[in-house]
Amino acid sequence: MTSTAALPARLSLSDQVSLRDESFGALAYHHGNRRLVFLKTPLLVDVVRQLDEYPNVDDALAALVAPAQHASYRAALASLLNSEILCGH
């Protein structure tokens with residue numbers, strides 16, 4: 001399991017994952033392992049979709065998320081990495 005301190009510098013949405021927007025955020029479906037994951041806020045969906053536009057996770061969080069929420073978003077990203085929704089570079 002990946003801890004928030006051990007997140008890779010770069011993350012992106014796996015090419016095996018499809019996102020479906022929902023009123024609460026989105027559903028992420030991994031076509032390889034058939035795992036379905038709920039992204040529980042629209043902001044988390046935005047972060048996940050835009051991760052590969054930034055040179056690293058810290059820059060993405062700084063641009064998209066309020067500083068007080070960085071720890072919870074790092075935890076969410078670590079969980080998505082463990083679920084193979086995200087992949088590290």
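Index from 1, following the sequence. These numbers were taken from a predicted model, which means no experiment stands behind them.
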Once side-chain hydrogen bond (donor to acceptor under 3.5 Å, both in side chains) is applied, what residue pairs with a partner in residues 8-17 remain, sequence neighbours excluded?
Ser12-His89
Check whether any side-chain heavy atom of Leu77 lies under 4.5 Å from a side-chain heavy atom of Leu61, and answer yes or no.
yes
Could you state the interatomic distance from CG (Leu86) to CG (Asp52), rounded to the nearest 0.5 Å?
10.5 Å
Nearest heavy-atom contact between Arg49 and Glu53 is O-OE2, 4.4 Å
Determine the minimum heavy-atom distance between Gly25 and Val45, stating which atoms define it.
C-CG2, 3.5 Å
What one should report as the nearest heavy-atom pair of Leu13 and Ile85 is CD1-O, 3.6 Å
Is the shortest side-chain heavy-atom distance between Leu39 and Leu19 below 4.5 Å?
yes
For the residue pair Val65 and His70, what are the closest heavy atoms and their distance?
O-NE2, 3.0 Å
Kindly write out the residues that satisfy side chain to side chain contact (heavy atoms under 4.5 Å, CB included) with Arg20, not counting sequence neighbours, or none if the list is empty.
Glu22, Leu27
Taken to the nearest 0.5 Å, the spacing of Leu51 CG from Asp59 CG works out to 11.5 Å
Could you tell me whether the side chain of Val17 reaches within less than 4.5 Å of the side chain of Val37, counting heavy atoms only?
no
Enumerate the ring-ring contact (aromatic ring centres under 6.0 Å, His included) contacts for residues 28-54, please, sequence neighbours excluded, ordered by first and then second residue.
Phe24-Phe38, Tyr29-His31
For Gln50 and Leu64, work out which heavy atoms get closest and say how close.
OE1-CD2, 3.5 Å
Between Gly88 and Pro8, which heavy-atom pair has the shortest distance, and what is it?
CA-CG, 3.8 Å
Partners passing salt bridge (Lys or Arg N to Asp or Glu O under 4.0 Å) against Asp58 (at least two apart in sequence or in another chain)
Arg74
Could you tell me which residues satisfy side chain to side chain contact (heavy atoms under 4.5 Å, CB included) with Thr41, sequence neighbours excluded, listed by chain and number?
Leu43, Leu44, Tyr73
What residues form a salt bridge (Lys or Arg N to Asp or Glu O under 4.0 Å) with Arg35, not counting sequence neighbours?
none
